[in-house]
A.B. asks: 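Mind looking over this structure? Questions follow.
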2 protein chains.
Amino acid sequence: MIRLSKLTDYAVVVMTAMIQGDGGPHTAISLAERTGLPAPTVSKILKLLARDGLMASHRGATGGYRLARAPEAINVAQIIAAIDGPIALTDCVEGAAGACGVESLCPRRGNWDRVNRAVRGALESVSLADMARPSFPDPVLPKAAPALSATADAI
Amino acid sequence: MIRLSKLTDYAVVVMTAMIQGDGGPHTAISLAERTGLPAPTVSKILKLLARDGLMASHRGATGGYRLARAPEAINVAQIIAAIDGPIALTDCVEGAAGACGVESLCPRRGNWDRVNRAVRGALESVSLADMARPSFPDPVLPKAAPALSATADAI
DNA sequence: TTAAAGGGTACTGATTTGGTCCGGATTGCC
DNA sequence: GGCAATCCGGACCAAATCAGTACCCTTTAA
């Protein structure tokens, strides 16, 4: 499976929890309590998100975090980039010559880039607001197959 | 970054090498020599691909592997599925209740599924033939500046 | 019958990741 | 204006996962 770091999953949980709260700043502790995640982990996630400008942090006694933008203006690709770094499927694009071994086959690098772009576009099309919206009854999903999500995941 | 296993990358290299050879069966050894990859690793990859029906294996003294289908009929999603298993970004869809912690936030699970479908569609749209085709207008930049590729990878 | 080649299993090492801790900075309160 | 409480920031450490390797068995053509 394509592994998306667990931290990224947690990040969506934390950000969703912030949307559901009031507009005031949220402390790492309060978010940890509400999500059930360990406090240091939440703190780490918030730090990464703030570094990439997705969060606005305020220090001091009455400090805390709050979303830098509206949930509709934040997409999944940005969250993944903040936690896991740039979205790329292979490290062949890193520029490391030794990793490839045979350069004659390396032109496929351009094709990997095309795949990366496609995946990135798919991730950018989903906003944080979409993730927060329950939408569980599947009213809008086109082909859905709701209860069979496990089956749907298999290729 | 979204980590795609290195084995999958190697699988594309090996399959590309098979296309470039003649129609006859390829042994794991010969493919290892041509790609520069370690022989046991190539053997492991070929075994996985054969198990999923992407390769046709022939045992015995003059045996070897050959593509089960035309390169146009094999897409990247199938290769990933053969090596890494089903394509899913999070293990929240696995059905493990303990992993989520708070069930009230779990409705986002349905949204992750939508993201998974989008990514899967992007991967299915690229065939092995596409990956083998150079399609590299700029053959110059074998190992160019790492800074360039890094910029291209950034969102 | 022999040799060559795929198929399977188990083990080891390394890389990545998740989790934890401590120091520095800021602000409200006395 | 000083103090103390609170919170952010970076660094460190342990565990899990994964890539890679090696060995042995089965199968099949020569």
Side-chain angles (χ1 to χ4, degrees), chain A residues 1-11 13-14 24-33 35-66 68 80 82-85 88 90-92 94 96 98-99 101, chain B residues 1-11 13-14 18 24-33 35-66 68 80 82-85 89-91 94 96 98-99 101:
Chain A
M1 95 160 71
I2 298 182
R3 193 155 287 269
L4 193 64
S5 108
K6 213 183 299 180
L7 271 294
T8 305
D9 192 11
Y10 293 165
V13 175
V14 170
H26 302 262
T27 68
I29 302 287
S30 68
L31 287 171
E33 289 173 352
T35 57
L37 299 173
T41 299
V42 172
S43 176
K44 186 177 190 174
I45 291 170
L46 291 171
K47 171 182 52 178
L48 289 171
L49 293 173
R51 192 187 57 180
D52 266 38
L54 296 178
M55 291 280 185
S57 65
H58 194 58
R59 307 178 71 161
T62 59
Y65 288 95
R66 98 195 121 70
I80 294 175
I83 304 293
D84 290 339
T90 65
D91 28 40
C92 180
E94 298 278 331
Chain B
M1 98 163 66
I2 299 182
R3 192 152 289 268
L4 191 63
S5 103
K6 214 183 297 181
L7 271 294
T8 305
D9 192 12
Y10 293 165
V13 175
V14 170
M18 293 181 74
H26 302 260
T27 68
I29 302 289
S30 68
L31 286 172
E33 289 173 351
T35 57
L37 299 173
T41 299
V42 172
S43 177
K44 187 178 190 175
I45 291 170
L46 291 170
K47 173 179 52 179
L48 289 171
L49 293 173
R51 193 187 57 181
D52 266 38
L54 296 178
M55 291 280 185
S57 67
H58 195 57
R59 305 175 71 159
T62 59
Y65 289 94
R66 94 195 127 70
I80 295 175
I83 303 293
D84 289 340
L89 272 69
T90 65
D91 27 41
E94 299 277 331

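Convention: sequence-line order gives letters A, B, ...; per-chain numbering from 1.
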A.B. asks: Below 3.5 Å between N/O atoms, which protein atoms pair up with nucleotides 22-24 of chain D? Just atom names and distances, please.
C.D. replies:
none

A.B. asks: Provide, to the nearest angstrom, the distance between the CG atom belonging to B:Leu4 and the P atom belonging to C:dT16.
C.D. replies: 15 Å
A.B. asks: Could you tell me whether A:Leu46 contacts a base, only the sugar-phosphate backbone, or nothing, with contacts defined as non-hydrogen atoms closer than 4.0 Å?
C.D. replies: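 If one applies the 4.0 Å heavy-atom cut-off, A:Leu46 turns out to touch nothing in the nucleic acid.
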A.B. asks: Quick one: closest heavy-atom pair of A:Thr27 and A:Gly63, and the distance?
C.D. replies: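 Here A:Thr27 and A:Gly63 meet closest at CG2-O, 3.8 Å.
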A.B. asks: Please report, rounded to the nearest Å, how far the P atom of C:dG6 is from the CG atom of B:Leu49.
C.D. replies: 14 Å
A.B. asks: So does B:Thr41 get a side-chain nitrogen or oxygen closer than 4.0 Å to the phosphate oxygens (OP1/OP2) of D:dA19?
C.D. replies: no
A.B. asks: Is the distance from OP1 or OP2 of D:dG20 to the nearest side-chain N or O of B:Tyr10 less than 4.0 Å?
C.D. replies: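 For B:Tyr10, the contact criterion (side-chain N or O under 4.0 Å from OP1 or OP2 of D:dG20) is met.
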A.B. asks: Within the pair B:Ser5 and D:dA19, is there a side-chain N or O less than 4.0 Å away from OP1 or OP2?
C.D. replies: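 Yes.
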A.B. asks: Minimum heavy-atom separation for B:Ala32 and B:Ala39, please, with both atom names.
C.D. replies: CB-CA, 3.6 Å
A.B. asks: Where along residues 53-63 of chain B does a heavy atom come under 4.0 Å from DNA chain D, residue by residue in number order?
C.D. replies: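 The stretch gives B:His58, B:Arg59, B:Gly60, B:Ala61, B:Thr62 as the residues lying under 4.0 Å from the strand, ordered by number.
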A.B. asks: So A:Asp9 and A:Leu4, do their side chains get closer than 4.5 Å, heavy atoms only?
C.D. replies: no
A.B. asks: Does any non-hydrogen side-chain atom of B:Ile83 lie less than 4.5 Å from one of B:Asp52?
C.D. replies: no
A.B. asks: How many Å lie between CG on A:Leu7 and C1' on D:dA16, as a whole number?
C.D. replies: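 Distance check: A:Leu7 CG to D:dA16 C1' gives 14 Å.
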A.B. asks: On DNA chain C, check which nucleotide each of A:Ala39 and B:Arg51 is closest to and give me the residue with the more 5' one.
C.D. replies: B:Arg51
A.B. asks: Rounded to the nearest Å, what distance is computed from the CD1 atom of residue B:Ile80 to the P atom of nucleotide D:dC18?
C.D. replies: 15 Å
A.B. asks: Nearest-Å distance, CD1 (B:Ile45) to C1' (C:dG6)?
C.D. replies: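 Nearest whole value for this atom pair: 15 Å.
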A.B. asks: From B:Tyr65 OH over to B:Ser30 OG, what is the distance, rounded to the nearest 0.5 angstrom?
C.D. replies: 11.5 Å
A.B. asks: I'd like to know if the side chain of A:Thr35 reaches the main chain of A:Leu31, judged simply by a donor and an acceptor atom lying under 3.5 Å from each other, with no hydrogens or angles considered.
C.D. replies: yes
A.B. asks: So B:Ala28, base contact, sugar-phosphate only, or nothing? Heavy-atom distance under 4.0 Å.
C.D. replies: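 Touches sugar-phosphate only.
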A.B. asks: How long is the line joining CG of B:Leu48 and P of C:dG7, in whole Å?
C.D. replies: 11 Å
A.B. asks: Report the distance from atom CD1 of B:Ile29 to atom P of C:dA5, rounded to the nearest whole Å.
C.D. replies: 8 Å
A.B. asks: I need the CG-P distance between A:Leu37 and C:dG19, as an integer number of Å.
C.D. replies: 8 Å
A.B. asks: From C-beta outward on B:Thr27, which listed nucleotide comes closest to its side chain: C:dG19, D:dG20, C:dA5?
C.D. replies: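 So the side chain of B:Thr27 is nearest to C:dA5.
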